[in-house]
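Remarks on the structure that follows.
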Number of protein chains: 2
Amino acid sequence: MNLREDVHTAGIPVLCQACEARHRGVCGALDPNQLVTLAKASSKQTIEAGAELVGDMETVDHYSNVLAGVVKLTKTLSDGRQQIVGLQFAPDFLGRPFKSESAVNAEAATNVSLCSFPKGAIERMMRESPGLENRLLRQTLKELDEARDWMVTLGRKTAAEKVASFLLLIANHIDPSSGDEGRATTFDLPLTRAAIADFLGLTIETVSRQLSKLRAEGVISIENNRHVSVARRDRLEARAGH
Amino acid sequence: MNLREDVHTAGIPVLCQACEARHRGVCGALDPNQLVTLAKASSKQTIEAGAELVGDMETVDHYSNVLAGVVKLTKTLSDGRQQIVGLQFAPDFLGRPFKSESAVNAEAATNVSLCSFPKGAIERMMRESPGLENRLLRQTLKELDEARDWMVTLGRKTAAEKVASFLLLIANHIDPSSGDEGRATTFDLPLTRAAIADFLGLTIETVSRQLSKLRAEGVISIENNRHVSVARRDRLEARAGH
DNA sequence: CGATGCTTTGACTCCGTTCAAGATCGGTGG
DNA sequence: CCACCGATCTTGAACGGAGTCAAAGCATCG
């Protein structure tokens with residue numbers, strides 16, 4: 001084992017110093033020495049909205065942390081029907097350990113900033129440092145919880161409930177402070193209508209109609225198609241079917 | 001409980017000797033000493049179909065391995081609509097590490113045999129033995145892959161495709177040998193029509209109608225409502241929408 | 001035997017899709 | 001600045017697939 005001899009922020013690579021993933025992400029499990037080793041092999045990159053990060057069935061040789069933006073994970077049937085099976089926000093870990101090929105398609109839903117490192121480097125550190133595996137397990141369990149929540153939405157909720165649930169999901173991610181206050185939550189949708197439809201298992205038209213209905217009923221207001229303001233979150237929650 | 005004191009087959013507890021979980025399950029990560037320690041605190045139990053194993057929001061104090069039978073994990077909306085979010089077969093691990101309360105309801109879909117151990121014992125061993133955490137990570141990733149596959153089915157497939165996909169899922173679990181051979185695969189459905197409906201996000205009636213259609217078309221045959229024989233698996237696959 | 005709980009089948013309804021115009025946004029160039 | 005354009009989004013009308021309601025068929029078990 002390595003001796004602890006570094007001063008607190010002294011040995012932290014500049015690449016990592018302001019990085020969210022160092023605290024709340026998987027890198028939080030690494031000590032300064034490991035962080036230096038990993039940072040040497042890492043590279044920060046910016047991807048524009050719509051670009052494909054990882055293709056389905058594609059061999060993957062690197063993993064990443066999402067530093068900013070939203071990544072959507074999709075699956076597509078042979079005839080083109082598509083379903084979003086996961087949304088990743090900062091500081092989520094992007095990649096599927098123990099498999100060389102990806103079973104999903106990863107695409108930048110917004111402009112995205114990533115910190116990428118070679119597959120081998122992570123796998124080596126997983127063997128050395130049990131804390132890293134623990135972080136990955138926790139993140140995977142979190143994603144499984146989210147997937148299961150979403151299965152209820154996909155299988156059992158109406159279109160109106162699905163759209164309300166989606167808006168709450170985004171609102172909670174953008175502004176985690178509880179909505180019990182009177183003031184409105186306001187944010188930009190990170191997804192187009194088409195992406196929202198793929199996420200909810202609906203068509204673009206149905207999503208649009210349900211959003212229009214919520215606006216007509218005064219639950220939300222929309223500007224420029226993307227900017228949403230939730231006037232009363234409790235009314236949205238009532239429509240989400242809990 | 002019943003642990004043999006004399007050394008036999010390298011000190012493996014009798015409880016574990018014929019256990020599938022020792023090879024393919026999480027216990028495969030443990031050495032004989034750990035196995036003995038865990039076996040001391042473990043107990044095998046049999047549960048009859050329909051019994052509730054873990055209630056939603058319930059505090060959980062033990063984890064289990066599924067030794068035989070099928071466990072269904074469900075989520076229920078406030079108005080009673082229900083969705084199955086996971087099916088567990090032997091030798092799956094049953095439990096949610098790092099959370100004291102369960103977010104799902106676990107119920108025996110068939111008669112089930114479990115090996116249960118106190119939460120604390122597993123958590124202690126996770127700290128001592130990184131191999132155990134690795135096994136849990138792999139199992140969780142597998143469950144996440146399955147959940148994501150199912151999200152596509154729930155969100156984007158028709159009722160006919162959903163039912164065909166379900167039959168294939170069960171057929172592959174009961175008889176993993178590839179269906180490229182001419183002979184028919186035959187099995188008992190571990191789920192009632194109501195459970196199948198909850199799994200597929202459909203109603204009982206729709207499931208029944210789709211099964212009748214497949215039977216009328218000669219793709220499957222059904223006896224006694226439960227016993228299914230898949231005449232030609234390729235025709236079922238064609239209907240599952242891949 | 002009937003009694004009970006599943007399952008199947010039929011008739012009708014309704015929610016979300018499909019098909020088809022328009023409307024609005026953002027960018028580009030005259 | 002405005003005209004034009006493609007992409008995205010909204011709205012309307014008609015259709016169809018799955019849900020709902022209702023009744024009858026079949027198991028299993030006393």
Residue closer to the 5' end of DNA chain D, B:N225 versus B:A159 (nearest nucleotide): B:A159

Name the residue closer to the 5' end of DNA chain D, choosing between A:T192 and B:N224 according to the nucleotide with the nearest heavy atom.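 Its nucleotide being nearer the 5' end, the pick is A:T192.
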
Anything under 4.0 Å to a heavy atom of chain B counts; send over the first and last such nucleotide of DNA chain C, read 5' to 3'.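 The footprint of chain B covers C:dT7 to C:dA11.
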
Is a side-chain N or O of A:N172 found less than 3.5 angstrom from the main chain of A:L168, in a donor-acceptor match?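 Yes, because the side chain of A:N172 sits within donor-acceptor range (under 3.5 Å) of the backbone of A:L168.
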
Which residue pairs pass the side chain to side chain donor-acceptor pair (under 3.5 Å) test with at least one member in residues 147-164 of chain B, sequence neighbours excluded?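 Matches after skipping sequence neighbours: A:K75-B:D149, A:R81-B:E161, A:E143-B:R148, A:D198-B:R156, B:K157-B:S165, B:T158-B:E161.
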
Roughly, in whole Å, what's the span from [atom1] in [X] to [atom2] in [N]?
X      : N      : atom1 : atom2 : result
B:E223 : D:dA27 : CD    : P     : 11 Å
B:H227 : D:dT28 : NE2   : C1'   : 18 Å
B:D188 : D:dA27 : CG    : P     : 15 Å

Does a salt bridge link A:R239 with A:E217, judged by any charged N lying under 4.0 Å from a carboxylate O? yes

Under 3.5 Å side-chain donor-acceptor pair for A:N65 and A:R22: no

For A:K44, I'd like to know if atom NZ has over 12 heavy atoms of other residues, nucleotides or ligands within 6.0 Å.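 No, NZ of A:K44 has 12 or fewer neighbouring heavy atoms, counting only those of other groups under 6.0 Å.
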
With a sphere of 6.0 Å drawn around NZ of A:K213, does it hold more than 12 non-hydrogen atoms of other residues, nucleotides or ligands?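 At most 12 heavy atoms, drawn from other residues, nucleotides or ligands, come within 6.0 Å of this atom.
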
Sequence neighbours excluded, the answer for side-chain hydrogen bond (donor to acceptor under 3.5 Å, both in side chains) partners of A:S113 is none

In residues 98-109 of chain A, what donor-acceptor pairs under 3.5 Å come from side-chain atoms, sequence neighbours left out?
| unit_1 | atom_1 | unit_2 | atom_2 | d |
| --- | --- | --- | --- | --- |
| A:S102 | OG | A:V104 | N | 3.2 |
| A:S102 | OG | A:V104 | O | 2.6 |
| A:N105 | ND2 | A:E52 | OE2 | 3.1 |

The side chain to side chain contact (heavy atoms under 4.5 Å, CB included) partner of A:P190 among A:V71, A:T110, A:L87 is A:T110

Using the C1' atoms of the five pairs at each end, what is the angle between the end axes of the helix from C:dC1-D:dG30 to C:dG30-D:dC1, to 10°? 30°

What distance do A:F89 atom CZ and A:L67 atom CG have between them, rounded to the nearest 0.5 Å? 15.0 Å

In terms of ring plane angle, is the pair B:F93 and B:F117 parallel, tilted or perpendicular, where the classes change at 30° and 60°?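 Taking B:F117 first and then B:F93, their aromatic rings lie parallel (interplane angle under 30°).
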
How would you label the contact of A:G50 with the nucleic acid (heavy atoms, under 4.0 Å): base, sugar-phosphate, or nothing? nothing

Check DNA chain D against residues 202-216 of chain B and give the residues with a non-hydrogen atom under 4.0 Å, in numerical order.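 Here the set is B:L202, B:T203, B:E205, B:T206, B:R209.
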
